[in-house]
Amino acid sequence: MKIIGVLGFAAWVNMVLLVPGAWAADAESKANEAVAVVLFDEEADDFTSYRVSPKGFVDVTFARNTPDAVYSEIVAKLKAHPDITGVLAGKTGPLCGRF
């Protein structure tokens with residue numbers, strides 16, 4: 001009976017402590033993939049940089065001279081993506097010769 005109690009406790013610890021970490025990693029990888037796809041589709045990899053948190057939040061930095069229309073369109077696509085929890089964006093990066 002003690003073995004079952006220990007195994008039950010171990011299963012509980014695994015579910016409570018380890019599984020949320022797996023969910024966070026999954027959220028991070030899904031958000032990371034979503035951002036990569038959006039930026040690739042928009043050919044924005046040369047004037048953006050980004051970080052993704054374990055919970056799927058995205059912090060994206062655009063070149064300072066990114067046109068407002070381009071910036072707004074990409075940010076809207078990121079915010080609308082179901083795998084991205086939230087977006088923080090700014091135009092504080094280095095100038096891009098493309099614009």
Side-chain angles (χ1 to χ4, degrees):
M1 190 72 171
K2 281 187 173 182
I3 294 175
I4 294 173
V6 171
L7 291 177
F9 178 73
W12 177 82
V13 168
N14 186 32
M15 185 170 62
V16 171
L17 298 178
L18 301 179
V19 172
W23 288 334
D26 190 45
E28 182 177 10
S29 64
K30 284 182 177 181
N32 194 39
E33 184 177 343
V35 174
V37 167
V38 169
L39 296 181
F40 178 80
D41 288 348
E42 296 295 321
E43 298 177 359
D45 56 335
D46 60 337
F47 61 92
T48 58
S49 63
Y50 68 93
R51 291 182 316 170
V52 178
S53 78
K55 293 185 178 182
F57 287 92
V58 175
D59 182 355
V60 61
T61 302
F62 290 79
R64 279 177 272 179
N65 60 335
T66 303
D68 290 337
V70 173
Y71 172 83
S72 297
E73 180 181 348
I74 294 172
V75 170
K77 286 182 180 185
L78 292 171
K79 286 182 176 182
H81 200 288
D83 291 333
I84 297 174
T85 306
V87 177
L88 175 65
K91 295 192 330 182
T92 58
L95 295 174
C96 177
R98 181 172 165 183
F99 302 116

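We number each residue from 1, following the sequence as shown.
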Shortest non-hydrogen separation from [X] to [Y] and the atoms involved:
X: Asp46; Y: Cys96; result: O-SG, 4.1 Å
X: Ser29; Y: Asp26; result: OG-O, 3.0 Å
X: Tyr50; Y: Ala36; result: OH-CB, 3.8 Å

About how many Å separate [atom2] of [Y] and [atom1] of [X], when rounded to the nearest 0.5 Å?
X: Ile74; Y: Phe62; atom1: CD1; atom2: CZ; value: 4.5 Å
X: Thr48; Y: Glu43; atom1: OG1; atom2: CD; value: 12.0 Å
X: Asp83; Y: Glu28; atom1: CG; atom2: CD; value: 13.0 Å

For the side chain of Thr61 and the backbone of Gly93, is there at least one donor-acceptor N/O pair under 3.5 Å apart?
->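 Side chain of Thr61 to backbone of Gly93: no pair is present.
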Mark yes or no for whether Thr66, through its side chain, and Ala63, through its backbone, hold a donor-acceptor pair below 3.5 Å.
->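 At least one qualifying donor-acceptor pair exists.
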Would you indicate whether Lys91, at its atom NZ, is surrounded by more than 12 heavy atoms from other residues, nucleotides or ligands within a distance under 6.0 Å?
->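 Enclosed.
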Heavy atoms of other groups near Arg64 CZ, more than 12 under 6.0 Å =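 Counting neighbours around CZ of Arg64, more than 12 heavy atoms of other residues, nucleotides or ligands fall under 6.0 Å, so yes.
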Are any of the side-chain heavy atoms of Phe47 and Asn65 separated by less than 4.5 Å?
->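 No; the side chains remain at least 4.5 Å from each other.
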For the residue pair Leu78 and Val60, establish whether any side-chain heavy-atom pair is separated by less than 4.5 Å.
->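 In short, these two side chains touch, coming nearer than 4.5 Å.
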Could you list the residues that satisfy side chain to side chain donor-acceptor pair (under 3.5 Å) with Glu42, not counting sequence neighbours?
->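 Checked Glu42 against side chain to side chain donor-acceptor pair (under 3.5 Å); matches are Lys77.
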Decide whether Val38 and Val70 are clustered together by the hydrophobic rule: side chain heavy atoms of Ile, Leu, Val, Met, Phe, Trp, Tyr closer than 4.5 Å, transitively.
->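 Yes, because Val38 and Val70 connect within a single hydrophobic cluster, where side-chain heavy atoms sit under 4.5 Å apart.
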With hydrophobic residues grouped by side-chain heavy-atom distances under 4.5 Å, do Leu39 and Phe99 end up in a single group?
->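 Per the 4.5 Å side-chain linkage, Leu39 and Phe99 are co-clustered.
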